[in-house]
There are 2 protein chains.
Amino acid sequence: MPYGDAMNARVRSEERRAEIVRAALEVIAERGYRGASLAAVAERVGLTQQGLLHYFPTKEALLVAVLKERDQWDAVPATQWRVDLLASLVEYNAMRPGIIQTFSALLGESVTEGHPARAYFTERYRQVRESMAAVLRTAYGDRLPNGLTPERTAPLLVAVMDGLQYQWLLDPDSVDMSAAFRDFLALLGEEA
Amino acid sequence: MPYGDAMNARVRSEERRAEIVRAALEVIAERGYRGASLAAVAERVGLTQQGLLHYFPTKEALLVAVLKERDQWDAVPATQWRVDLLASLVEYNAMRPGIIQTFSALLGESVTEGHPARAYFTERYRQVRESMAAVLRTAYGDRLPNGLTPERTAPLLVAVMDGLQYQWLLDPDSVDMSAAFRDFLALLGEEA
DNA sequence: AACGAAACCTACCGCGTTACAGGTAACGGG
DNA sequence: CCCGTTACCTGTAACGCGGTAGGTTTCGTT
């Protein structure tokens, strides 16, 4: 079974890479990208820093892999979303603080000059705004009950999600992220 | 004039410190706090890194000064605010991307472990939420037109401001921060 | 059994970082 | 005029960082 065994090797390698990406997610959550050292990531998977560089030749390559992982994460086709599912998404996120912290930290860093994730986030937010506008349109048509268009509402929707995440990460006891987001959704659904 | 001259010296020193803080704001905007080196800040005010340490003994002391500066910035008593002034504030912010970038970057970093600005932001957001709730209460009473209480609306208000800032910093051409924020305020003012 | 590639490791380089030590020149107060 | 403080500077310690070079072991294929 030449192909079968070759696959096994490849699969093992791919598993190792995934393991490393997972560790990187953790370390970035704790220290940000700039503060995350390859050595710290390597240690978490039982490798030396140089051993890690065998899988990802540079630190930036590792970051790219992390961002790709995220893309696959929410690869749910936007057309299948509905407004009421957004509340569930936020609730789900509230149970996984690690992931939120990773990408909140990355988002914050990404606005600085020459940050390797900047282009990624710029493009991503453009897409997310489009997705959200589409979701709102299928839910409400060309005008929300409050009179706004989906295109003008989408940035607000995205902003609320992100902004709430920061407040929640800083002080989980003082901010009920899910409840607050549902309040916002209610705001959108009401008539003017 | 013993006191007068003593004052002069002190004033000069204070001016220098302010100059350094200003430079630090710039560098943090460009590289974040972790990425901002004392040498880079020092160079911007024509000092060596060691010369800068004469004014701020540690990097963290400089950060504290930066955060204090911000506190004095918006020391406008919360009771004097009104909802319609918030729109002006956002508009004003849109003209000063540097400051926004500084504190957006710091906010993002602050959610990581052991970040020296974490406690500051946690406390600050608690206060800002309180302020905003008070502003909303004076504007609308115990219930907004849409039925929410000021306390439940305040986190949303803050979240929108922050979230829009990130989207705007990443892609100023695609996001009209002021207009979007006015849309949100309109959402609050409408009756259910 | 032999070979070639993959999966690591050790050793090391060069740089950037914060911070400390100690010196020196300017300057204002007595 | 002297003297202490302020405002710097040079030198350097100590460390962590990303990345390179090159070796060695493991392992699947032939």
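Small disclaimer: the values here were computed from a predicted structure and weren't measured. Just so it is clear: chains get the letters A, B, ... in the order the sequence lines come, proteins before strands, and each one is counted from 1.
The side-chain hydrogen bond (donor to acceptor under 3.5 Å, both in side chains) check on B/Arg34 picks up B/Thr112, with sequence neighbours excluded.
The A/Thr48 side chain lies nearest to C/dC9 when the options are D/dG19, C/dA7, C/dC9. Among the nucleotides D/dG19, C/dA19, D/dG28, the one closest to the side chain of A/Arg12 is D/dG28. You'll find that the side chain of B/Lys59 is closest to C/dA19, out of D/dG19, C/dA19, C/dA7. Candidate nucleotides D/dT6, C/dA7, D/dG19 were compared by shortest atom distance to the side chain of B/His54, and D/dT6 ranks first. Distance from the side chain of A/Leu53 is smallest to D/dG19 among D/dC8, C/dC8, D/dG19. Checked against D/dG19, D/dA7, C/dA7, the side chain of A/Gln49 finds its nearest nucleotide in D/dG19.
Atom-to-atom, CZ of B/Phe56 to P of D/dT6 comes out at 16 Å; the value is rounded to the nearest Å. Atom CG of B/Leu52 and atom P of C/dT18 are 10 Å apart (whole Å). To the nearest angstrom, C1' of C/dC9 lies 13 Å from OH of A/Tyr55. Atom pair B/Gln50:CD and D/dG11:C1' shows a separation of 8 Å (rounding to whole Å applied). A/Ile20 has its CD1 atom 8 Å from the P atom of C/dC8, to the nearest Å. C/dA7 atom P lies 10 Å from atom CZ of A/Arg17, rounded to whole Å. Distance CD (A/Glu43) to P (D/dC17): 11 Å, rounded to an integer number of Å. Taking atom CG of residue B/Leu47 and atom P of nucleotide D/dT6, one finds them 17 Å apart after rounding to whole Å.
Near DNA chain C, meaning a heavy atom under 4.0 Å from it, residues 30-39 of chain B has B/Ala36, B/Ser37, B/Leu38 in order of number.
Screening residues 155-177 of chain A for salt bridge (charged side-chain N to carboxylate O under 4.0 Å, His left out), with sequence neighbours left out, gives A/Asp171-B/Arg126.
The minimum heavy-atom distance linking B/Ala24 with B/Val41 is given by the pair N-CG1, 3.9 Å. The shortest heavy-atom contact between A/Ala61 and A/Phe56 is O-CD2, 4.0 Å. Nearest heavy atoms, A/Val21 versus A/Ala65: CG2-CB, 3.9 Å. The heavy-atom pair separating B/Gly108 from A/Tyr166 by the smallest distance is CA-CE2, 3.8 Å.
Side-chain contact check for B/Tyr33 versus B/Pro116: some heavy-atom pair is nearer than 4.5 Å.
Dashed line: the shortest gap from a side-chain N or O of B/Ser13 to OP1 or OP2 of D/dA7 is under 4.0 Å.
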